[in-house]
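Since this is a predicted model, take the numbers as computed values, not measurements.
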Amino acid sequence: MITDIKDIIAKQLQLAVKAVENTIALLDEGCTIPFISRYRKEKTGGLDEVQIGNISQLYDKMKELTKRKETITKTINELGKMTKELQQRIDDCWDSTELEDIYLPYKPKRRTRAQVARELGLEPLATTILLQREQNPEQLAKRFVKEGVKDAEAAIKGAQDIIAETISEDEDTRNRLRNTFRREAYITSKVIKTKKDSDEAAKYSDYFDFEEPLRRCSGNRLLAMRRGEAEGILRISINVDNEEAISRLQRQYVHGRGRCQSLVEEACEDAFKRLLCPSIENEFAASSKLKADEEAIGVFAENLRQLLLAAPLGQKRVMGIDPGIRTGCKVVCLDAQGNLLYHDVSPLRLPQRVSDLDSLVSLNTKSIEQYQRIIKKYNIEAIAVGNGTASREASHLAKEAIKALPLGESWKGLYVVSEDGASVYSASKAARDEFPDEDVTVRGAVSIGRRLMDPLAELVKIDPKSIGVGQYQHDVDQTQLKASLDRTVESCVNSVGVDLNTASIHLLTYVSGLGPTLAKNIVDYRKENGAFTSRTQLKKVPRLGPSAYQQCAGFLRIRDAKNPLDASAVHPESYAIVEQMAKDSGCTVKELMSSAEKRKAIDIKKYVTAEVGIPTLTDIMNELEKPGRDPRAEIETFEFDPNVHTPDDLISGMILPGIVTNLTKFGAFVDVGVHQDGLIHISQMADKYISDPSEVLHLHQHVKVRVVEVDRKRNRIALSLRGV
């Protein structure tokens with residue numbers, strides 16, 4: 001059975017069968033995707049995380065299909081209708097739609113009209129009519145008149161019900177109609193008249209009278225329509241040309257002219273309208289929704305990856321500011337490890353004109369002085385300002401504060417930080433556990449400050465769905481969304497690596513092979529025994545056995561460890577190889593890591609074994625060159641155009657700096673500093689055709705955009721990258 005599965009997976013994903021077979025074996029052993037991708041390249045042929053993830057997903061689907069086949073086989077056997085040929089068809093089938101078509105005639109169902117007719121003994125009459133050889137079916141039908149069948153007309157009607165169900169359960173017929181839907185189906189959206197003028201309906205105005213070929217309907221449009229339907233504002237249907245479809249069905253089943261042929265024609269029409277069309281429409285509604293879900297989840301996961309892998313400032317003393325107007329700005333000071341040193345509230349008074357910066361400064365001199373005292377007292381090295389309401393005003397005051405200060409070489413700058421999900425974190429159990437004596441406003445400001453230091457370490461504390469970098473996250477399949485986002489977080493955490501002595505439980509949870517229980521045990525062990533001095537100490541952590549150690553060790557880093565390899569991504573199982581390299585080079589491992597000349601002289605082919613090949617040895621040499629390297633980029637400062645503060649300041653043709661806040665399949669949203677994100681439609685991203693915005697942009701990228709149009713009535717700003 002496994003042989004069949006791996007062959008099918010290899011064919012579908014266009015991968016080598018041996019690589020798929022070995023990957024499945026490793027997954028069955030409990031190996032994680034990051035571990036397999038990083039440390040088992042010889043077995044997988046160098047497959048990356050995406051390819052291994054695709055194998056894992058398809059393998060899970062195949063296992064589910066295997067269970068379904070077992071259930072179907074058992075049911076048909078219990079009915080006593082299993083044949084050798086039918087069993088072979090089920091065994092050979094690896095398509096869920098085809099499998100359900102095979103099962104359909106045997107599937108237990110509610111008591112249908114056809115079933116009632118069969119119970120009344122009308123199946124022979126139905127068979128005769130369907131053969132279309134009887135000249136006078138009404139005369140024949142009189143023979144079936146009995147209790148429950150009052151006359152010949154009732155007998156014929158019952159026979160037609162049997163014919164209609166037989167037609168609707170025929171595999172070839174269903175596939176023909178599927179092909180028709182695939183080629184010709186169109187999706188229609190209509191507004192429910194009683195809701196047309198309601199406030200909640202306005203956002204769906206594009207879909208009040210909408211029709212489009214289903215195959216061309218993008219995922220975001222389909223999800224928008226489905227949301228409108230769920231909210232009771234729109235009515236959605238998927239249709240084909242019914243008359244043409246019925247005509248094709250009749251041509252398939254009706255042969256010649258006569259009374260039987262007329263009865264079969266009627267049965268075909270009934271089969272289509274009552275049974276076939278609703279069934280296939282439901283299939284296509286489900287499959288199109290599934291496709292849209294996969295597209296939306298894919299965009300969400302990629303946006304999340306970019307956000308998690310955003311450039312970190314590093315361990316610096318940070319002042320975090322959570323801007324606010326009514327309640328003032330929440331200000332916190334953090335040490336280089338992210339511990340809370342101080343918090344307060346700084347009032348923020350706004351001038352009558354938002355763009356009047358001189359008045360802003362004069363109205364808030366006390367706040368500026370407060371910032372200066374804090375910066376000097378806590379030797380602040382950087383400032384993080386949340387990007388929410390009044391962010392620009394708070395940033396301006398902070399800049400005024402540092403203007404008059406003698407900033408040394410340690411000063412790193414002022415940065416605007418995304419607030420997405422900060423409020424979710426501040427009210428979470430994780431935040432309450434960290435700061436039981438502080439309110440949500442302080443916790444939120446701490447999160448903003450920590451995000452500047454290390455976005456990944458802070459964002460893992462928040463449910464990925466709440467970070468706000470996707471669309472329609474509440475409309476897609478929640479199980480699939482969670483699985484995809486969890487895989488993304490796991491991938492990011494392991495690609496960066498984790499400091500074993502400073503990592504939180506939340507960060508450790510996503511390390512390959514750990515999870516919440518072992519993550520907690522590691523932190524508890526650290527509290528009781530002090531900092532880890534070697535990776536081998538992990539084996540003393542309760543319940544962390546050999547398998548978990550193998551999976552996690554390479555992704556955990558120990559700075560200043562006795563063994564310098566403990567701070568690298570070299571796996572402990574490869575330490576002996578590095579030690580042999582050092583011995584052959586006449587030096588220590590530490591000396592080998594610091595000497596480019598000695599590393600260059602090594603011929604890695606000498607160290608190839610049955611288990612360790614060139615891919616692993618190449619990774620080891622790269623790691624020795626830059627131990628524990630961080631794959632993330634360097635952080636950059638950013639400033640909005642000082643002359644633009646509200647949408648009223650925007651003029652078509654303006655060139656403005658902006659930050660990409662979200663990516664979708666149809667475009668990118670960009671913050672240009674007016675408290676309303678603008679949209680760069682995909683058609684405005686390049687002078688050539690592109691199929692995906694991610695080909696041109698990435699999340700939080702700093703860009704220059706041109707204002708195309710400002711629609712103040714609908715609160716929409718159209719932007720372009722073309723000609724900038």
Side-chain angles (χ1 to χ4, degrees), residues 1 4-5 60-131 144 146-149 154-179 181 238 249 252-253 264 266-290 477 479-480:
M1 191 68 71
D4 293 337
I5 289 176
D60 287 342
K61 286 181 181 178
M62 291 295 183
K63 287 190 288 187
E64 287 299 315
L65 197 58
T66 299
K67 290 179 184 177
R68 180 63 177 155
K69 287 161 76 169
E70 289 170 357
T71 300
I72 288 171
T73 298
K74 182 181 176 184
T75 303
I76 297 175
N77 277 325
E78 288 174 351
L79 292 172
K81 295 185 178 181
M82 182 61 77
T83 64
K84 187 177 179 181
E85 293 76 16
L86 181 57
Q87 184 66 68
Q88 191 64 52
R89 284 203 67 198
I90 293 170
D91 290 342
D92 292 343
C93 180
W94 290 102
D95 179 271
S96 58
T97 301
E98 182 184 347
L99 183 64
E100 295 304 325
D101 277 355
I102 293 171
Y103 181 42
L104 189 58
Y106 311 96
K107 186 176 183 178
K109 50 180 82 76
R110 60 182 177 79
R111 204 156 175 262
T112 63
R113 283 160 44 174
Q115 192 174 341
V116 172
R118 287 190 180 97
E119 290 169 0
L120 291 171
L122 297 175
E123 190 151 25
L125 177 60
T127 302
T128 301
I129 293 172
L130 189 56
L131 287 171
F144 293 87
K146 57 179 180 180
E147 186 179 349
V149 184
I156 286 176
K157 188 70 184 73
Q160 284 182 301
D161 287 339
I162 295 171
I163 293 169
E165 187 169 277
T166 301
I167 290 170
S168 74
E169 292 180 348
D170 179 72
E171 282 184 65
D172 181 55
T173 300
R174 295 180 73 82
N175 281 327
R176 288 188 185 201
L177 186 55
R178 282 191 190 101
N179 287 333
F181 266 77
I238 296 173
L249 192 60
Q252 182 183 348
Y253 281 96
V264 174
E266 292 171 6
C268 284
E269 184 172 354
D270 178 47
F272 178 84
K273 289 182 176 179
R274 182 169 58 88
L275 302 170
L276 268 172
C277 189
S279 174
I280 302 301
E281 180 183 349
N282 286 339
E283 272 187 27
F284 273 77
S287 63
S288 60
K289 172 66 164 56
L290 179 63
D477 184 288
T479 302
Q480 286 187 32

To check you understand the geometry: which heavy-atom pair defines the closest contact between [X] and [Y], and what is its length?
X: Glu281; Y: Phe181; value: CA-CE2, 4.0 Å
X: Cys268; Y: Ile167; value: SG-CD1, 3.7 Å
X: Gln160; Y: Ala267; value: O-CB, 3.9 Å
X: Ser168; Y: Leu104; value: O-CD2, 4.2 Å
X: Ala117; Y: Gly158; value: CB-O, 3.3 Å
X: Ala285; Y: Ser288; value: O-OG, 3.1 Å

Going from [atom1] on [X] to [atom2] on [Y], what distance comes out if it is rounded to the nearest 0.5 angstrom?
X: Asp270; Y: Ile163; atom1: CG; atom2: CD1; answer: 10.5 Å
X: Leu120; Y: Leu125; atom1: CG; atom2: CG; answer: 12.0 Å
X: Gln252; Y: Asp170; atom1: CD; atom2: CG; answer: 6.5 Å
X: Ile162; Y: Gln115; atom1: CD1; atom2: CD; answer: 10.5 Å
X: Leu276; Y: Glu169; atom1: CG; atom2: CD; answer: 9.5 Å
X: Arg68; Y: Thr73; atom1: CZ; atom2: OG1; answer: 10.5 Å

Q. Which is it for Arg174 and Ser279 under the side-chain hydrogen bond (donor to acceptor under 3.5 Å, both in side chains) test, yes or no, and what are the steps along the way?
A. CA-CA 9 Å; Arg174 295 180 73 82; Ser279 174; 2.8 Å; yes
Q) If you count the non-hydrogen atoms of other residues, nucleotides and ligands that lie under 6.0 Å from NZ in Lys74, is the total more than 12? A) no
Q: Would you indicate whether Lys109, at its atom NZ, is surrounded by more than 12 heavy atoms from other residues, nucleotides or ligands within a distance under 6.0 Å?
A: yes
(Q) As a quick check of understanding, evaluate side-chain hydrogen bond (donor to acceptor under 3.5 Å, both in side chains) for Thr112 and Glu165, giving each step before the final call. (A) CA-CA 9 Å; Thr112 63; Glu165 187 169 277; 3.0 Å; yes
**Q.** Candidate pair Leu290 and Asp477, rule side-chain contact (heavy atoms from CB on, under 4.5 Å), full reasoning
**A.** CA-CA 8 Å; Leu290 179 63; Asp477 184 288; over 6 Å; no
Q) Testing Thr173, Asp172, Asn179 for side-chain hydrogen bond (donor to acceptor under 3.5 Å, both in side chains) with Arg176, which one passes? A) Asp172
Indicate yes or no: at least one non-hydrogen side-chain atom of [X] is less than 4.5 angstrom from one of [Y].
X: Asp101; Y: Asn175; value: yes
X: Ile76; Y: Tyr103; value: yes
X: Asp60; Y: Glu64; value: no

Q) What's the verdict on side-chain contact (heavy atoms from CB on, under 4.5 Å) for Tyr106 and Ile72, showing C-alpha distance, side-chain angles and the deciding distance? A) CA-CA 9 Å; Tyr106 311 96; Ile72 288 171; over 6 Å; no
Q) Using 4.0 Å as the upper bound for N to carboxylate O, is an ion pair formed by Arg89 and Glu98? A) yes
Q.
Under the criterion side-chain contact (heavy atoms from CB on, under 4.5 Å), I'd like the reasoning laid out for Asp161 against Arg274: C-alpha separation, chi angles, the key distance, then a yes or no.
A. CA-CA 10 Å; Asp161 287 339; Arg274 182 169 58 88; 3.9 Å; yes
**Q.** Donor + acceptor pair across side chains of Gln88, Asp92 (<3.5 Å)
**A.** yes
(Q) Can you see whether Trp94 has Lys69 sitting over its ring - NZ or CZ less than 6.0 Å from the centre and within 45° of the normal? (A) yes
